[in-house]
Amino acid sequence: MNIDIQVAAQRQTKPALSEVQFGSHVSDHMFVAEYDAGRGWHSPRVMPYGEFRLDPRALVLHYGQSVFEGLKAYRQADGGIALFRPGCNAARLNTSCARMAMPALPEALFIDGLQRLVALEAAWVPDTSGAALYARPVMFANEPVLGVRRSSRYVFCIMLCPVPPYFQIGDAPFKLVAREDCARTAQGGCGDAKTSANYGQTIVELERARREGYDNLLWLDAAGHRLIEEAGITNVFIRYQDKVVTPPLSGRILPGITRDSVIRLLRHQGVPVLEQETTIDGLVADIDDGRVREIFLTGTATIVAPVGEIGFRDRRHTLAPVAPDDSMAAALYRTLTAIQYGRATDEFGWMQRVPL
Ligand SMILES: *Cc1c(COP(=O)(O)O)cnc(C)c1O
């Protein structure tokens with residue numbers, strides 16, 4: 001599909017990264033495509049960033065037909081720009097769409113739109129290591145009608161936000177709390193889809209965790225409140241002496257692209273990674289006995305970050321600090337970022353260059 005390029009008459013002055021919070025600043029242009037049942041996807045364009053007009057009946061506002069993605073464009077060691085595994089995001093968007101009765105977006109349109117947008121906004125990709133240009137694709141239903149049914153109209157949009165590093169080696173480890181009176185999702189729900197509905201309902205719990213001095217939740221399964229699932233909006237890994245364990249993709253877990261990359265990197269290095277269930281009781285007992293060497297989180301924003309403490313039933317279980325040279329989380333962070341910033345050979349073919 002031919003992408004129309006409409007260049008903004010004026011460009012903003014770029015903010016200093018020190019003034020930027022996650023998503024507080026956006027580049028000058030966005031990519032937009034529209035869908036109408038019968039016509040399919042049409043009018044793909046890169047255009048000046050701006051507001052949408054929305055009928056108050058737009059279905060997304062009432063019943064939450066909305067899915068999103070998140071990935072980053074990285075400044076390469078040679079000055080170029082590359083995206084990390086964008087095909088995985090295009091494919092995952094469509095899995096989320098299928099779950100939410102939304103139309104698939106051709107993967108080529110996702111990739112072409114993203115490439116054209118990032119190429120036009122190349123100057124927005126930060127030069128500092130750890131920082132990146134975060135791309136947020138989103139699709140939502142905008143048919144003006146109030147029946148609970150699939151919308152016949154959708155908008156797909158990609159916006160770009162310069163982001164400072166969310167986590168760097170040496171920052172304080174995360175503190176998580178596991179609770180038996182709440183859950184992120186249940187079996188048969190949509191926990192494996194990146195849909196807006198999964199996030200709004202967690203904010204009260206996030207605020208409660210923060211009031212108690214934690215950074216985020218260690219989500220347990222909704223049925224029995226025993227199984228470890230995710231940490232906030234990241235995937236979670238537990239390192240024992242001789243193996244690494246992460247929850248299996250049960251349908252309740254978001255299949256993180258960083259999760260998949262970390263599993264591949266570890267297996268490539270000969271480290272056994274088991275996708276198996278872990279109970280909270282077993283985990284805290286293993287932390288107290290010193291059997292758990294590290295716990296770490298993975299996600300596009302965080303990359304890989306260590307956990308230092310788990311709160312459960314009025315007790316805080318603290319992990320013994322690991323020496324920097326012995327930290328698997330720090331080693332994974334270094335390996336992954338070296339690939340992302342083009343400082344290491346991309347053995348897995350993960351990076352996609354943006355033609356400038
Ligand atoms: C996006 C997300 C992740 C991480 O996925 P990545 O592809 O690694 O960024 C993990 N859990 C939840 C709930 C998420 O929304």
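Remember, it's 1-based here, ligands and their atoms both numbered in the order they're listed. One-based numbering along the sequence shown. All figures in this text were calculated on a predicted structure; none of them were measured in a lab.
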Exercise. Ligand 1 and Ile257, any nitrogen or oxygen pair closer than 3.5 angstrom?
Worked result: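 Yes; the residue has a nitrogen or oxygen that sits under 3.5 Å from a nitrogen or oxygen of the ligand.
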Exercise. Any N or O of Thr298 that comes nearer than 3.5 Å to an N or O of ligand 1?
Worked result: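 No.
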Can you tell me which residue and heavy atom of the protein come closest to [atom], and the distance to 0.1 Å?
atom                    : answer
atom 2 (C) of ligand 1  : Lys194 NZ, 2.6 Å
atom 9 (O) of ligand 1  : Thr300 OG1, 2.6 Å
atom 8 (O) of ligand 1  : Thr258 OG1, 2.6 Å
atom 13 (C) of ligand 1 : Arg184 NH1, 3.3 Å
atom 15 (O) of ligand 1 : Tyr199 OH, 2.5 Å
atom 5 (O) of ligand 1  : Gly256 CA, 3.3 Å
atom 3 (C) of ligand 1  : Ile233 O, 3.4 Å

For this session: Report, in ascending order of atom number, the atoms of ligand 1 lying under 4.0 Å from any heavy atom of Gly299.
Result: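 The atoms of ligand 1 under 4.0 Å from a heavy atom of Gly299 are 8 (O), 9 (O).
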For this session: Please could you name the atoms of ligand 1 that Leu254 approaches to less than 4.0 Å, counting only its heavy atoms?
Result: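 Answer, ordered by atom number: 1 (C), 2 (C), 3 (C), 11 (N), 12 (C), 13 (C), 14 (C), 15 (O).
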For this session: Look at the side-chain heavy atoms of Ile, Leu, Val, Met, Phe, Trp and Tyr, link any pair under 4.5 Å apart, and say whether Leu17 and Trp124 land in one connected group.
Result: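 Different clusters.
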Problem set entry | Best match, Arg92, Glu230, Arg252: closest heavy atom to atom 11 (N) of ligand 1 |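 Shortest heavy-atom distance from atom 11 (N) of ligand 1: Glu230.
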Exercise. Crowded around Lys175 NZ? As in, over 12 foreign heavy atoms under 6.0 Å?
Worked result: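 Counting other residues, nucleotides and ligands, NZ of Lys175 stays at 12 neighbours or fewer.
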Exercise. Would you say the ring centroid of Phe140 lies under 6.0 angstrom from that of Phe68?
Worked result: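 For Phe140 and Phe68, the ring centres are not under 6.0 Å apart.
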Only distances under 3.5 Å count here; give the side-chain donor-acceptor pairs of residues 296-307 to other protein atoms, sequence neighbours excluded, each with its distance to 0.1 Å.
none

Problem set entry | Steps toward side-chain hydrogen bond (donor to acceptor under 3.5 Å, both in side chains) verdict (Arg150, Gln65) | CA-CA 8 Å; Arg150 68 171 69 208; Gln65 255 191 314; over 6 Å; no
Distance check, rounded to the nearest 0.5 Å: [X] atom [atom1] versus [Y] atom [atom2]?
X      : Y      : atom1 : atom2 : answer
Arg293 : Ile238 : CZ    : CD1   : 14.5 Å
Leu265 : Ile339 : CG    : CD1   : 5.0 Å
Ile310 : Arg315 : CD1   : CZ    : 13.0 Å

Exercise. Only one of Val236, Leu249, Thr234, Leu254 forms a side chain to side chain contact (heavy atoms under 4.5 Å, CB included) with Arg259, so which one is it?
Worked result: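 Answer after filtering Val236, Leu249, Thr234, Leu254: Leu249.
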Exercise. Just heavy atoms, cut-off under 4.0 Å: does Asn198 contact ligand 1 by side chain, backbone, both, or neither?
Worked result: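 Near ligand 1, Asn198 shows nothing, with every heavy atom at 4.0 Å or more.
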